[in-house]
Amino acid sequence: NVEPRSVPVFPWHSLVPFLETSQSN
Amino acid sequence: SLLATPPPPSAPSLPPYFTKGSIIQLADGELKRVEDLKTEDFIQSAEISSELKIDSSTVERIDSSHTPHFAIIQFAVGEHRSQVSVEVLVEYPFFVFGQGWSSCCPDRTTQLLELPCAKLSVGDVCISLTLKNLK
């Protein structure tokens, strides 16, 4: 009796940063 | 007295999706494990996306931070090579074009996340995102 376990799925764009900002210094 | 004492600050930690075995959904719906991702997966997903575009961000400097376990990385971002500095945990992984996951301290990344990781170096070109309609 193995309970089904929900597995989180993450979108591809969460893995890489947004670096282009208006506050670029 | 419990209420009077604030909780201790939680140690900074990495997002769960960098942990080996995490399931990542590409823009076309395909599911892949984070450790199996390739440069093409990001490029094709950005091509499919109506909002997001891939930017190239070249590592120009890597300095240690005054904050323990943190580093300051200076990037030249995008076609205008905007100078952007970010302060990150030394084990924070960036995806380098043609190379895969890389961090300032790859041994620590692999120890904490079991994610195979290379050493991030000056000159590496990382994948970053920008908005397609950003002027």
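Here the side chain of B:K119 pairs a donor or acceptor atom with the backbone of B:C104 at under 3.5 angstrom. For the pair B:T109 (side chain) and B:E91 (backbone), a donor-acceptor distance under 3.5 Å is present. A distance-only check finds no donor-acceptor pair linking the side chain of A:S14 to the backbone of A:F10 [under 3.5 Å].
Proximity to chain A (any heavy atom under 4.5 Å) is restricted, for B:F75, to the side chain, taken from C-beta onward. Contact of B:I24 with chain A is made through backbone and side chain together, with heavy-atom distances under 4.5 Å. Using a 4.5 Å cut-off between heavy atoms, A:P8 touches chain B through its backbone atoms (N, CA, C, O) alone. If you measure heavy-atom distances from A:V9 to chain B, the contacts under 4.5 Å come from both the backbone and the side chain. In this structure, the portion of B:S57 lying under 4.5 Å from any heavy atom of chain A is its side chain and not its backbone.
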Could you walk me through whether B:S103 and B:F94 pass the side-chain contact (heavy atoms from CB on, under 4.5 Å) check?
CA-CA 6 Å; B:S103 76; B:F94 292 86; 5.9 Å; no
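Under 4.0 Å is where a charged nitrogen must lie from a carboxylate oxygen, and between B:K20 and B:E114 no such pair does.
Note: B:A27 leads B:A27, B:C126, B:G78 in heavy-atom pairs under 4.5 Å with chain A.
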